[in-house]
Amino acid sequence: TMENENGSRTFTSALESLRKAADQIGRPSVSLEEAMELYNSGMKDAEYCREILDKAEQKIEIYRKGEEDDQNL
């Protein structure tokens, strides 16, 4: 898996893993047990991506607020 400089997974690697799980779940050859494992893994990947996006959104809001404050001076 791709990792960032801190050794944690990147958004891109988690998203790619989620896409692969979704693709595999749709295959007729996948057993129910495998599908459940893929689903659980995919949900973890989706939550990880959501956390990264939430953090990015918070940073953007802080940046925007800072710009608005600078303009109001």
Side-chain angles (χ1 to χ4, degrees):
T1 61
M2 292 187 290
E3 297 179 352
N4 62 20
E5 62 276 359
N6 298 327
S8 58
R9 294 180 68 194
T10 64
F11 176 83
T12 303
S13 69
L15 186 60
E16 182 62 27
S17 180
L18 178 58
R19 286 180 178 155
K20 285 180 182 177
D23 181 52
Q24 290 176 355
I25 286 173
R27 294 181 181 169
S29 61
V30 173
S31 70
L32 178 60
E33 292 80 12
E34 290 170 322
M36 291 300 295
E37 286 180 26
L38 289 165
Y39 175 81
N40 289 332
S41 175
M43 291 304 293
K44 289 177 186 175
D45 290 330
E47 181 60 29
Y48 183 75
C49 289
R50 191 176 305 116
E51 288 174 11
I52 291 174
L53 291 173
D54 286 347
K55 287 177 186 176
E57 186 177 7
Q58 290 171 2
K59 288 180 182 179
I60 290 168
E61 286 302 315
I62 290 169
Y63 178 75
R64 283 186 189 159
K65 179 75 173 137
E67 279 189 339
E68 287 174 9
D69 289 346
D70 287 348
Q71 290 175 0
N72 292 330
L73 288 179

Measure the spacing between CG of D69 and NZ of K65 and express it to the nearest 0.5 Å. 4.5 Å
If you measure from the Lys or Arg side-chain nitrogens to the Asp or Glu carboxylate oxygens, is any gap between R50 and D54 under 4.0 Å? no
Looking only at non-hydrogen atoms, find the nearest pair between S17 and R9 and report the distance. CB-NH2, 3.6 Å
Lys/Arg-Asp/Glu bridge criterion (N-O < 4.0 Å) met for D23, R27: yes
Under the side chain to side chain contact (heavy atoms under 4.5 Å, CB included) test against E47, which residue among E51, M43, K44 passes? E51
Solution key, residues 31-39 side-chain donor-acceptor pairs under 3.5 Å, sequence neighbours excluded:
residue : atom : partner : partner atom : Å
S31     : OG   : E34     : N            : 3.1
S31     : OG   : E34     : OE1          : 3.3
E34     : OE1  : S31     : N            : 2.9

With a 4.5 Å cut-off on side-chain heavy-atom distances among I, L, V, M, F, W and Y, is there a chain of contacts connecting L15 to Y48? yes
Under a 4.5 Å cut-off applied to non-hydrogen side-chain atoms, are T12 and E16 in contact? no
Start with the C-alpha gap between R64 and E67, add the side-chain angles, then the distance that decides, and say whether salt bridge (charged side-chain N to carboxylate O under 4.0 Å, His left out) holds. CA-CA 5 Å; R64 283 186 189 159; E67 279 189 339; over 6 Å; no
